[in-house]
**Student:** 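Provided herewith is a single structure, encoded as structure tokens, for subsequent inquiry.
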Amino acid sequence: MTSEPLIIMCAGGHGRELAHAYLCERSALSFLGFLDDGVTGSTPEGWPILGPLSAWRDHAHASFAVAANSPRVRRSIVSAMALRDGPRWATVRHPSARLGSRVTHGMGCQFLGGCEITTNVKLGDFCIVNRAVQVGHDCEIGDFVSFNPQSCLGGCAKVRAGCELGAGCLLRQSAAVGDGAMVGMGAVVVKDVPANAVVVGNPARQIKTLPAW
């Protein structure tokens, strides 16, 4: 959690849902607005767009959350900001997110409403755990992983850095998903997924390969 006022990088749908999660238990004054290269003015909710992504240097008093759902885009934004005297990274957690007492996570993570992470789970930096995601016992999650709404991991699953798990997908217990892979919406993963693979269907099958993470 953070005590500094928050600025969210990227004002798309996920960024606006993240603002909602952040403000559930905070004063509106604790949220300054968004930085975005493609949007000006304000969001439909009236939250202000403060400028382009590069303007983060003008807000040294703030903490930041990167709301690009794509792991590759999120990593590029973080890399551009991670200077020697870089920003403070906020962890944002909706009040209904349930994290067990033996769950650990890195900096800059986001936990949206209704997600549940049970016990002895480790998450890396800059992960997005979206609405109603379920993560079972003893899972290992790398940096920059995106869980879309209602994705579900069985116990002891391993999801490496830069993966994106589509809405409603299922991973069998002990399954492993390699770096930079993408699991399609509603896919059922019953065997390991290679690095940078895109898999879809039930059972999940590979349809293409992404550039190396």
Side-chain angles (χ1 to χ4, degrees), residues 9-10 12-15 17-18 65-80 82 89 91-93 97 99 103-112 114-118 120-213:
M9 311 296 284
C10 304
H14 177 70
E17 290 194 346
L18 187 64
V66 182
N69 193 57
S70 164
R72 294 167 190 258
V73 174
R74 193 158 71 254
R75 181 178 63 171
S76 70
I77 294 172
V78 169
S79 296
W89 300 112
T91 291
V92 177
R93 180 174 171 179
L99 277 63
V103 172
T104 61
H105 61 82
M107 60 184 174
C109 290
Q110 303 163 24
F111 303 95
L112 272 67
C115 70
E116 182 173 15
I117 305 175
T118 60
N120 197 38
V121 175
K122 298 178 181 178
L123 297 95
D125 297 331
F126 301 104
C127 291
I128 292 176
V129 184
N130 219 308
R131 292 173 286 107
V133 167
Q134 300 290 310
V135 179
H137 62 88
D138 302 303
C139 287
E140 297 179 13
I141 313 300
D143 298 336
F144 294 101
V145 171
S146 289
F147 294 89
N148 281 294
Q150 296 187 324
S151 50
C152 181
L153 272 63
C156 301
K158 294 178 173 59
V159 180
R160 303 304 186 191
C163 293
E164 182 172 357
L165 305 184
C169 73
L170 305 175
L171 267 67
R172 177 184 58 80
Q173 65 272 19
S174 302
V177 182
D179 296 271
M182 179 181 292
V183 177
M185 181 174 63
V188 178
V189 175
V190 296
K191 61 182 181 180
D192 293 353
V193 176
N196 306 302
V198 177
V199 299
V200 299
N202 179 11
R205 66 191 188 284
Q206 184 172 349
I207 60 168
K208 63 184 293 185
T209 302
L210 298 170
W213 170 260

**Student:** For Phe144, check ring-ring contact (aromatic ring centres under 6.0 Å, His included) against everything at least two apart and list the hits.
**Tutor:** Phe126

**Student:** Write down the atom of Ala67, the atom of Gly15, and the distance for their closest heavy-atom approach.
**Tutor:**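 Scanning both residues, the minimum pair turns out to be CB-CA, 3.4 Å.
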
**Student:** What are the two closest heavy atoms between Cys139 and Gly154, and how far apart are they?
**Tutor:** SG-O, 3.2 Å

**Student:** With side-chain contact (heavy atoms from CB on, under 4.5 Å) as the criterion, how do Val78 and Met9 come out once you've worked through the C-alpha distance, each side chain's angles and the decisive distance to 0.1 Å?
**Tutor:** CA-CA 10 Å; Val78 169; Met9 311 296 284; over 6 Å; no

**Student:** Among pairs that include at least one residue of residues 120-137, which meet salt bridge (Lys or Arg N to Asp or Glu O under 4.0 Å), considering only residues two or more places apart or in two chains?
**Tutor:** Glu17-Arg131

**Student:** Hey, could you give me the NE2/CD1 distance between His14 and Ile128, rounded to the nearest 0.5 Å?
**Tutor:** 3.5 Å

**Student:** Who passes ring-ring contact (aromatic ring centres under 6.0 Å, His included) against His137, sequence neighbours left out?
**Tutor:**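 His137: no ring-ring contact (aromatic ring centres under 6.0 Å, His included) contacts found.
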
**Student:** Nearest 0.5 Å, what's the CG-CG distance between Leu153 and Leu171?
**Tutor:**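 One finds 4.5 Å between CG of Leu153 and CG of Leu171.
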
**Student:** Honestly, is Arg75 close enough over Trp213, meaning NZ or CZ under 6.0 Å from the six-membered ring centre and within 45° of the axis?
**Tutor:** yes

**Student:** Return the set of residues passing side chain to side chain contact (heavy atoms under 4.5 Å, CB included) with Leu99 (not counting sequence neighbours), or none when no residue passes.
**Tutor:**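 Side chain to side chain contact (heavy atoms under 4.5 Å, CB included) check on Leu99 returns Arg93, Ala97, Val103, His105, Phe111, Ile117.
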
**Student:** Ignoring hydrogens, what is the shortest heavy-atom contact between Val177 and Cys163? Give both atom names and the distance.
**Tutor:** CG1-SG, 3.6 Å

**Student:** Would you indicate whether the side-chain heavy atoms of Val129 and Leu123 approach each other to under 4.5 Å?
**Tutor:** yes

**Student:** Grab the two heavy atoms, one from Arg160 and one from Val145, that are nearest each other, plus how far apart they are.
**Tutor:**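 That would be O-CG2, 3.3 Å.
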
**Student:** Any chance you could lay out the side-chain contact (heavy atoms from CB on, under 4.5 Å) test for Ile77 and Cys10, step after step, and finish with the verdict?
**Tutor:** CA-CA 10 Å; Ile77 294 172; Cys10 304; 3.6 Å; yes

**Student:** Tell me, do Val189 and Leu165 make a side-chain contact under 4.5 Å, heavy atoms counted?
**Tutor:**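 Answer no - side chains too far apart.
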
**Student:** Give a yes or no answer on whether the side chain of Arg74 reaches the backbone of Ala68 with a donor-acceptor pair at less than 3.5 Å.
**Tutor:** yes

**Student:** Applying the side-chain contact (heavy atoms from CB on, under 4.5 Å) test to Met182, which of Ile207, Val198, Val199, Val200 qualifies?
**Tutor:**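 Between Met182 and the candidates, side-chain contact (heavy atoms from CB on, under 4.5 Å) is satisfied uniquely by Val198.
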
**Student:** Rounded to the nearest 0.5 Å, how far apart are CG of Asp143 and SG of Cys127?
**Tutor:**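 Rounded to the nearest 0.5 Å, the CG-SG separation comes to 6.5 Å.
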
**Student:** Can you list every pair that meets salt bridge (Lys or Arg N to Asp or Glu O under 4.0 Å) and has a residue in residues 184-207, with sequence neighbours left out?
**Tutor:**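 Non-adjacent pairs meeting salt bridge (Lys or Arg N to Asp or Glu O under 4.0 Å): zero.
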
**Student:** Measure the NZ-CG distance between Lys158 and Asp138 for me, rounded to the nearest 0.5 Å.
**Tutor:**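 Here the rounded value is 8.5 Å.
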
**Student:** Heavy atoms only: give me the nearest Leu210-Gly180 pair and the separation to one decimal.
**Tutor:**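 In terms of heavy atoms, the two residues are closest at CD1-O, 3.6 Å.
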
**Student:** Scan residues 163-190 for pairs that pass side chain to side chain donor-acceptor pair (under 3.5 Å), counting only residues two or more places apart or in two chains.
**Tutor:**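 Every side chain to side chain donor-acceptor pair (under 3.5 Å) pair that includes a residue of residues 163-190, provided the two are not neighbours, is Asn69-Glu164, Asn148-Glu164.
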
**Student:** Would you mind reporting whether Ser151 and Val133 have side-chain heavy atoms less than 4.5 Å apart?
**Tutor:** yes

**Student:** Are Cys115 and Phe147 packed together at the side-chain level, in the sense that at least one heavy-atom pair is separated by less than 4.5 angstrom?
**Tutor:**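 They are not in contact (no side-chain heavy atoms under 4.5 Å apart), so the answer is no.
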
**Student:** Quick one: which of Val183, Val190, Val188 gives a side-chain contact (heavy atoms from CB on, under 4.5 Å) with Leu170?
**Tutor:** Val188

**Student:** Is there a donor-acceptor contact under 3.5 Å from the side chain of Gln134 to the main chain of Thr118?
**Tutor:**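 Side chain of Gln134 to backbone of Thr118: no pair is present.
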
